[in-house]
Number of protein chains: 2
Amino acid sequence: MRDNNDMPGHLVRRFQQIAVAVFRAEAEAAGYDLTPVQYAALSAIGMNPGIDQVTLAGLIAYDRTTITGVVDRLVQKGLLARNPSRKDRRARELQITEEGMRTLQGVTPAVEAAQGVMLRGLTEEEREEFMRLLRKAITAGNELSRAPLREVSADEAKGS
Amino acid sequence: MRDNNDMPGHLVRRFQQIAVAVFRAEAEAAGYDLTPVQYAALSAIGMNPGIDQVTLAGLIAYDRTTITGVVDRLVQKGLLARNPSRKDRRARELQITEEGMRTLQGVTPAVEAAQGVMLRGLTEEEREEFMRLLRKAITAGNELSRAPLREVSADEAKGS
DNA sequence: GATAATTGATCAGTATGCTGATTATCAGTA
DNA sequence: TACTGATAATCAGCATACTGATCAATTATC
């Protein structure tokens, strides 16, 4: 029987734990209380103002039911505004606030730094290769989780 | 600004989501209701009968407060027995039950299969390299999370 | 042997992440 | 127009993960 500790699923869980811990530590050191998930949402909304929650979920590969709570907390912190859409009364349009924009800009250096820390055991070439393999594996497995990445088509992106 | 979707932290989160989904799907297809975390705990206890919860946490890199709930649920399912230790009345000794052993043996092929599915986008060489890089990065970052791996020393292992 | 420091387990609280259901709304069709 | 199906958001419930605290028991120190 293979040692469970040496299975890819287990290794990934451990690296994910390290990645989250490093992210939070770097963000806190920079004076921000933001989780990786909250940062990703904030960043995506900043680049796509006015999107609804389902589109946001697809952009960053979140589960749709998880989004509600994440957005709740960002609204609570004053970093996002959530308003009913006039085009579709089921949907909520998400906008980043002034403070959200300042937070995003302020925390980004810490986020970049965190990526280096979590990969500190790898050389530059190894980091590139690691990310290439991650991208490749994720692309092949995208549809296997309930929260696949959904690229916004050119149609949706320009118009709406 | 770098696309958040292309940062290692984000890529790892997505791969972890896929890995968990694949694991659960394969386990369910084989007739078992077991999470990756529960499998890891069961497996570790099976190979180290009588260990306490802190040692278990170190063996598989869990947070000590998470272990309580995981063990609770495995005891609930009848796969584990948890008894107070006579050597240290603070500690609980964990034993795998007959049914736990049957479950472990029965589900293991599905667990092995899951590892292949989650890496289906990679060639055999790429899988090896991916795991090598994961191991290397984790080793370097082990102490950065609250749940580092703690190998059982020869001393502790033989005795008890 | 008394005291201090440490340790094993648990708990309260918070944040992802999932399954499956519900509600309101929208879109297509007979 | 009435009906059907699909969709956006939310909810209840469950399972990881973490922070920080508490309690009981053990170990170390004086």
Side-chain angles (χ1 to χ4, degrees), chain A residues 9-10 13-14 16-25 27-28 33-41 51-58 60-77 82-94 144-148 150, chain B residues 9-10 13-14 16-25 27-28 33-41 51-58 60-77 82-94 144-148 150:
Chain A
H10 196 259
R13 188 187 63 82
R14 289 186 55 204
Q16 158 76 358
Q17 284 179 343
I18 292 166
V20 171
V22 168
F23 183 103
R24 302 222 51 179
E28 189 185 353
D33 176 26
L34 213 61
T35 67
V37 161
Q38 288 167 9
Y39 174 80
I51 59 172
D52 63 288
Q53 295 183 187
V54 165
T55 307
L56 171 63
I60 52 186
Y62 281 25
D63 188 88
R64 67 183 194 281
T65 62
T66 306
I67 277 284
T68 301
V70 174
V71 170
D72 275 352
R73 286 179 282 275
L74 287 170
V75 170
Q76 183 76 26
K77 290 180 183 179
R82 170 168 47 185
N83 296 303
S85 165
R86 262 157 305 184
K87 300 189 303 285
D88 184 343
R89 280 180 305 170
R90 293 170 301 180
R92 312 302 173 87
E93 285 181 359
L94 303 173
L144 300 178
S145 92
R146 179 165 132 160
R150 299 275 178 235
Chain B
H10 196 259
R13 188 187 63 82
R14 289 187 55 205
Q16 158 76 359
Q17 284 178 342
I18 292 166
V20 172
V22 168
F23 184 104
R24 303 222 50 179
E28 190 187 351
D33 176 26
L34 213 61
T35 66
V37 161
Q38 288 166 8
Y39 174 79
I51 59 171
D52 64 286
Q53 297 184 184
V54 165
T55 307
L56 171 62
I60 52 187
Y62 282 25
D63 188 89
R64 68 183 193 281
T65 62
T66 305
I67 276 284
T68 301
V70 174
V71 170
D72 275 353
R73 286 179 283 276
L74 288 170
V75 169
Q76 183 75 26
K77 290 180 184 180
R82 169 169 48 185
N83 296 304
S85 165
R86 263 157 304 186
K87 299 190 304 289
D88 184 341
R89 281 179 302 169
R90 292 169 304 179
R92 312 303 172 87
E93 285 181 0
L94 303 173
L144 299 177
S145 94
R146 180 165 133 161
R150 299 273 178 238

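Labels below follow one simple rule: chain letters A, B, ... track the order of the sequence lines, proteins then strands, and each chain is numbered from 1. Here the structure is a predicted model, which is why all the values come from computation and not from measurement.
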Contact summary for [X] and [Y], nearest pair of heavy atoms:
| X | Y | result |
| --- | --- | --- |
| B:Arg13 | A:Tyr62 | NH2-CE1, 3.3 Å |
| B:Gln17 | A:Ala61 | OE1-O, 3.2 Å |
| B:Ala41 | B:Ile60 | CA-CD1, 3.7 Å |
| A:Ala21 | B:Ser145 | CB-CA, 3.8 Å |

| task | Could you pick out which residue, B:Arg92 or A:Ser145, lies toward the 5' side of DNA chain C when each is mapped onto its nearest nucleotide? | result |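 By nearest-heavy-atom nucleotide position, the 5'-most residue is B:Arg92.
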| field | Nearest-nucleotide 5' precedence on DNA chain C, A:Arg86 against A:Thr66 | value |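 Upstream on the strand: A:Thr66.
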Using atom names, set out every protein N or O paired with an N or O of nucleotides 4-7 of chain D below 3.5 Å, distance rounded to 0.1 Å.
{"from": "D:dT7", "atom 1": "O2", "to": "A:Arg90", "atom 2": "NH1", "distance (Å)": "2.4"}

| said: Once you apply a heavy-atom cut-off of 4.0 Å, does A:Thr65 come out as touching a base, just sugar-phosphate, or nothing? | reply: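 Contact class for A:Thr65: base.
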| How is B:Arg146 classified with respect to the nucleic acid when contacts are heavy atoms under 4.0 Å: base, sugar-phosphate, or nothing? |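 Answer is base: heavy atoms of B:Arg146 come under 4.0 Å of a base.
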Take the protein atom [atom1] of [X] and the nucleotide atom [atom2] of [N], then report the distance between them rounded to whole Å.
| X | N | atom1 | atom2 | value |
| --- | --- | --- | --- | --- |
| A:Gln16 | C:dG17 | CD | P | 7 Å |
| A:Glu28 | D:dC18 | CD | C1' | 13 Å |
| B:Arg24 | D:dC14 | CZ | P | 13 Å |
| A:Phe23 | D:dA17 | CZ | P | 18 Å |
| B:Tyr62 | D:dC18 | OH | P | 11 Å |
| A:Asp63 | C:dA15 | CG | P | 18 Å |

Output all residues satisfying salt bridge (charged side-chain N to carboxylate O under 4.0 Å, His left out) with [X], sequence neighbours left out; order by chain, then residue number.
| X | answer |
| --- | --- |
| B:Arg90 | B:Asp88 |
| B:Arg146 | B:Asp63 |
| A:Arg82 | A:Asp72 |

| message | Closest-nucleotide mapping onto DNA chain D: is A:Ile18 or A:Ile51 further toward the 5' terminus? I mean the 5' end. | response |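 That would be A:Ile51.
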| field | Residue closer to the 5' end of DNA chain D, A:Asp52 versus A:Ala21 (nearest nucleotide) | value |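 Closest to the 5' end, via its nearest nucleotide, is A:Asp52.
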| From CA spacing to verdict: side-chain contact (heavy atoms from CB on, under 4.5 Å), A:Arg150, A:Thr55 | CA-CA 8 Å; A:Arg150 299 275 178 235; A:Thr55 307; over 6 Å; no
Within the pair [X] and [N], is there a side-chain N or O less than 4.0 Å away from OP1 or OP2?
| X | N | answer |
| --- | --- | --- |
| B:Arg82 | C:dT10 | yes |
| A:Gln53 | D:dT10 | yes |
| B:Gln38 | D:dT16 | yes |
| B:Arg89 | C:dG8 | no |
| A:Arg13 | D:dA17 | yes |
| B:Thr35 | D:dT16 | yes |

| query | Does any nucleotide pair with C:dA30 by Watson-Crick or G-U wobble geometry, both distances under 3.5 Å, and what is it? | reply |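 Answer to the pairing question: D:dT1, which forms a Watson-Crick or G-U pair with C:dA30.
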| query | Sequence neighbours excluded, which residues qualify as side-chain contact (heavy atoms from CB on, under 4.5 Å) partners of B:Arg24? | reply |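 Result, side-chain contact (heavy atoms from CB on, under 4.5 Å) vs B:Arg24: B:Val20, B:Asp33, B:Thr35, B:Pro36.
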| query | If you measure from the Lys or Arg side-chain nitrogens to the Asp or Glu carboxylate oxygens, is any gap between B:Glu93 and B:Lys87 under 4.0 Å? | reply |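 Salt bridge: yes.
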| DNA chain C contacts made by residues 67-75 of chain A, counting heavy atoms under 4.0 Å |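 Within residues 67-75 of chain A, the residues near DNA chain C are A:Val70, A:Arg73.
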